[in-house]
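Working notes, structure below.
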Amino acid sequence: MNSTTPPYDVLATVDLGSNSFRLQVSRVVDDQLYPLDVLKETVRLGGGLTEDKLLEQDTIDRALACMARFGERLRGFEPRQVRIVGTNTLRVAKNAPAFISEAERLLGFPIEIIAGREEARLIYLGAAHSLPATRERRLVVDIGGGSTEFIIGSQYKAHVTESLPLGCVTYSLRYFPGGKISKAAFRDAELAAASEIQRITHAYPQSEWQLAVGTSGTARSLRDILEINDWTSGEITLGGMLRLREELLRFGSFKAIDLNGLKPDRAPVICGGLAVMIAVFQTLHIERMIVTDGALRDGVLYDLLGRQREKDMRDSTIAQFKRRYHVDTAQAERVLRLAEQFYGMVAPDGPLLKCLNWAAKVHEIGLSIAHTAYHKHSAYILQNADMPGFSRREQSELATIVLGHRGDMGKMTREIADPELWHAVLALRLAALFCRSRNDVDGRAVQNVQQTMNGYAITIDGDWLETNPLTTSAFGQEVGQWRRVGMLLELRPA
């Protein structure tokens, strides 16, 4: 969004969780969000994941029917008003791409599959906005349907983030098959969860936080059950959960559960969620935990609001990468100016201008590893690193543009599915070629870059070409590289 576009006064988000799908529409007033409409459907996407990591057709059909209903509610929204995120199940399902494609058609908006640590960051952001603005360091725990996120943060900043494959849906299915409740099942589930959590305990010692906070459905359900049954006074405690475990054992099966405070849609997943939370308390030595209503969808909305207020976390991440990998800032800026100029010529109002901007700033981060094939190192880092604020799709686009900015073009045919990416690759590739001497370049020498029937045509001042023989020679080599991907690159002296 350019600086002349006013911020929207209504934003919407969809959280495609492993247990529930949620849509929230919120009104923006003085940088705060106030819910206008909330839709929730218990889809249990994680419950439809086979051992081979494939979503079952019945689950897909149920999920797509929900997408159609959500899509109706989102009609009339503009793309910059909406952000849709998918979490653990869509991260691991092998047939997720086909589902996502159809879901995007029904919703009318793209779906971002976010990495576990990015999910943790957004969860903390949502939780922080629903807590008092105090300075203590908080341990936030979010038990979802397929994963559990752990965050230590203060005020609105997450300092330590982690995501583990522990979920109320997956653990209920794995350790309580057929809905049978037993002491052995609880023991196995708690030990398995504790074994996973042990891997991160060094990063979450008691000395690093003062307040434990639970978010999302499992934590809210446990709080409600414990409070309504007078086992605690509005908090989650280990003693209260052990009392709840005894009650659940008395029922013997999910179908027989009859507990005050437990909603019917939570009964099939409460045992798995409880086992994980008990393991969290015991392994991280938590005595009591408060519960807040702010969670992932709230964090996504506040992150979307920040982008409109020019406080985009992605910009902060790119700046941090530049520092971490000792980027030559002057060179990055030279390449950036030319790349944006060329992209504006070949793709006015193109959708990848922002991504190209980031790519130009970090295209040389691989030099910190080795000069040889540094573009491959750069692309690998961008594809695989934790990049707060970025979705997987955005990281993939960023890595692809950087990978293509130099070297053999033959590799790009298998990397690029979206034709728009070719424009961005061309722009960055030309900019890097012009700036090879690492000196300032007069961009006016290139009078036009345009798409043709078979590729691209570049119109350059003839006098400039005569006085820059090295670059002219490099252009000749570029013609051969673009021919490798089936495109004709023409150099037209003006």
Side-chain angles (χ1 to χ4, degrees), residues 1 7-29 31-43 45 63-64 66-91 99-100 103-130 140 142 144-147 149 151 156 158 163 215-217 220 292-309 311-314 388-394:
M1 184 173 63
Y8 295 99
D9 57 7
V10 176
L11 301 175
T13 187
V14 178
D15 168 12
L16 304 178
S18 298
N19 187 50
S20 301
F21 287 1
R22 296 172 182 267
L23 182 155
Q24 182 168 316
V25 179
S26 294
R27 184 166 58 101
V28 181
V29 180
D31 288 343
Q32 292 296 313
L33 295 167
Y34 299 88
L36 292 175
D37 196 8
V38 177
L39 298 175
K40 173 192 172 186
E41 296 200 19
T42 306
V43 176
L45 198 67
L64 291 178
C66 175
M67 296 296 88
R69 291 187 285 272
F70 283 9
E72 178 185 346
R73 180 62 183 85
L74 292 172
R75 286 177 194 165
F77 281 81
E78 296 183 25
R80 292 189 183 94
Q81 287 178 274
V82 180
R83 191 175 178 195
I84 302 169
V85 298
T87 56
N88 183 72
T89 298
L90 293 178
R91 287 196 288 265
F99 166 77
I100 291 168
E104 289 180 333
R105 185 187 69 81
L106 294 169
L107 287 165
F109 299 93
I111 296 171
E112 302 177 27
I113 306 304
I114 54 176
R117 285 180 172 170
E118 171 64 0
E119 182 180 354
R121 183 188 72 85
L122 292 169
I123 286 167
Y124 181 80
L125 186 60
H129 275 90
S130 63
V140 175
D142 184 297
S147 64
E149 281 65 50
I151 313 98
Y156 298 121
S163 178
T215 67
S216 293
R220 287 195 295 269
T292 181
D293 290 334
L296 176 60
R297 63 190 180 280
D298 304 280
V300 172
L301 283 169
Y302 275 105
D303 201 56
L304 184 58
L305 179 62
R307 294 180 182 184
Q308 294 193 21
R309 300 294 195 269
K311 299 175 183 176
D312 193 333
M313 186 65 195
R314 295 171 298 179
F390 284 85
S391 68
R392 285 188 170 184
R393 179 182 299 178
E394 288 170 332

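The structure presented is a predicted model; accordingly, all values stated were derived computationally and were not measured.
In this structure, R75 and E72 have side chains that are in contact, with non-hydrogen atoms separated by less than 4.5 Å. Using a 4.5 Å heavy-atom cutoff, the side chains of V25 and R73 are in contact. For the pair R69 and E41, the minimum side-chain heavy-atom distance is below 4.5 Å.
The existence of a salt bridge linking D9 and R27 is excluded, since no basic side-chain nitrogen approaches an acidic carboxylate oxygen closer than 4.0 Å.
At a cut-off of 3.5 Å, with distance as the only test, a side-chain donor of S163 or E149 sits close to an acceptor on the other residue. With hydrogens and angles left out, the side-chain atoms of S130 and T292 include a donor and acceptor closer than 3.5 Å.
Taken from CD1 in I84 to CG in L16, the straight-line distance is 7.0 Å, to the nearest 0.5 Å. Rounding to the nearest 0.5 Å gives a distance of 8.0 Å between CD1 of I113 and CZ of R392. In this structure, CG on L301 lies 9.5 Å from CG on L296, to the nearest 0.5 angstrom. Here the CE atom belonging to M313 is positioned 5.0 Å from the CZ atom belonging to R121, to the nearest 0.5 angstrom. L45 contributes atom CG, which lies 5.0 Å from atom OG1 of T89 (distance to the nearest 0.5 angstrom). Summarising the geometry, atom CZ belonging to R297 is positioned 5.5 Å from atom CD belonging to Q24; distances are rounded to the nearest 0.5 Å.
Between R80 and L304, the shortest heavy-atom distance links the atoms O-CD1, 3.8 Å. Contact record, C66 with F21: SG-CD2, 3.8 Å, taken as the closest heavy-atom pair. Closest non-hydrogen pair, T87 versus S18, comes out as OG1-N, 3.9 Å. The two residues T215 and A127 come nearest to each other via the heavy atoms CG2-CB, 3.9 Å. When every heavy atom of G299 is checked against every heavy atom of L125, the shortest pair comes out as O-CD2, 3.4 Å. In terms of heavy-atom proximity, Y124 sits nearest to Y156 at CE2-C, 3.8 Å.
Counting only distance, with no hydrogens or angles, the side chain of E104 and the backbone of F109 share no donor-acceptor pair below 3.5 Å. The backbone N or O of S20 lies less than 3.5 Å from no partner atom in the side chain of T42, so there is not a single donor-acceptor pair. R91 places a side-chain N or O within donor-acceptor distance of the main-chain N or O of I114, the cut-off being under 3.5 Å. Of the possible polar contacts, one joining the Q81 side chain to the E78 backbone as a donor-acceptor pair under 3.5 Å is found.
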Exercise. Step by step, work out the side chain to side chain contact (heavy atoms under 4.5 Å, CB included) result for V300 and D15.
Key: CA-CA 9 Å; V300 172; D15 168 12; over 6 Å; no

Quiz item: Between L74 and V14, does a side chain to side chain contact (heavy atoms under 4.5 Å, CB included) hold up when you go through it step by step?
Solution: CA-CA 10 Å; L74 292 172; V14 178; 4.1 Å; yes

Exercise. Show the numbers, then the answer: is there a side chain to side chain donor-acceptor pair (under 3.5 Å) between Y302 and Q32?
Key: CA-CA 8 Å; Y302 275 105; Q32 292 296 313; 3.2 Å; yes

Practice problem: Could you check L11 against F77 for side chain to side chain contact (heavy atoms under 4.5 Å, CB included), going step by step and ending with a plain yes or no? | Solution: CA-CA 8 Å; L11 301 175; F77 281 81; over 6 Å; no

Exercise. Evaluate side chain to side chain contact (heavy atoms under 4.5 Å, CB included) for V28 paired with L305, printing each intermediate quantity in order.
Key: CA-CA 8 Å; V28 181; L305 179 62; 3.7 Å; yes

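Each of N19, D293, D142 was compared with S216 under the side-chain hydrogen bond (donor to acceptor under 3.5 Å, both in side chains) criterion, and only D142 meets it. Of the residues listed (E118, E112, E394), the one engaging R314 in a salt bridge (charged side-chain N to carboxylate O under 4.0 Å, His left out) is E394, and it is the only one.
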